[in-house]
Amino acid sequence: HNIAHRLYVFDSIDSTNSFLKNKKNSTGLEICCSEYQTEGRGRHDRLWHSPPKLNITCSVKWPLEVNASSLYGLSLT
């Protein structure tokens, strides 16, 4: 398969996950990283706090052609 790969890197962004969710017509693996998120959210919509210049936040968008039930352990990754 010929898959397009994209990496987006920001110093600061509202949310790496929201950025990737709002990308239209994306195909293949896409990764968004930022040193700081102003509106990051974790599981169950909990606030995700990561102080500036301490961590790198990252979201990955990868279209998979599998049954969703086979991905039960993916959130642990």
S.K.: Holding to side chain to side chain donor-acceptor pair (under 3.5 Å), I want the full list of residues that pass it with Asn22, two or more places apart in sequence or in another chain.
M.R.: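 Asn22: no side chain to side chain donor-acceptor pair (under 3.5 Å) contacts found.
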S.K.: Who pairs with Leu7 by side-chain contact (heavy atoms from CB on, under 4.5 Å), at least two apart in sequence or on another chain?
M.R.: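 Residues passing side-chain contact (heavy atoms from CB on, under 4.5 Å) with Leu7: Val9, Ile31, Cys33.
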S.K.: Restricting to side chain to side chain donor-acceptor pair (under 3.5 Å), what partner residues turn up for Thr57, sequence neighbours left out?
M.R.: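 Not a single residue meets the side chain to side chain donor-acceptor pair (under 3.5 Å) criterion with Thr57.
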S.K.: Using the test side chain to side chain donor-acceptor pair (under 3.5 Å), find all partners of Thr16 that sit at least two apart in sequence or belong to another chain.
M.R.: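 In terms of side chain to side chain donor-acceptor pair (under 3.5 Å), with neighbours along the sequence ignored, Thr16 is linked to Gln37, Ser59.
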S.K.: When rounded to the nearest 0.5 angstrom, what distance separates NZ in Lys61 from SG in Cys32?
M.R.: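 Spacing of NZ (Lys61) from SG (Cys32) equals 11.0 Å.
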S.K.: Could you work out, with ring-ring contact (aromatic ring centres under 6.0 Å, His included) as the rule, every residue matching Tyr36, not counting sequence neighbours?
M.R.: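 None.
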S.K.: Taking side chain to side chain donor-acceptor pair (under 3.5 Å) as the test, write out the residues that go with Asn55, two or more places apart.
M.R.: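 Only Ser50 meet the side chain to side chain donor-acceptor pair (under 3.5 Å) criterion with Asn55.
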S.K.: In the hydrophobic cluster built from side-chain contacts under 4.5 Å, what are the other members alongside Ile13?
M.R.: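 Via sub-4.5 Å side-chain contacts, Ile13 links to Tyr8, Phe10, Phe19, Leu20.
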S.K.: Using a 3.5 Å distance criterion without hydrogens, assess whether the side chain of Glu35 forms a donor-acceptor pair with backbone atoms of Asp11.
M.R.: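 Not at all, since once roles are kept as given, no pair shorter than 3.5 Å links the two residues.
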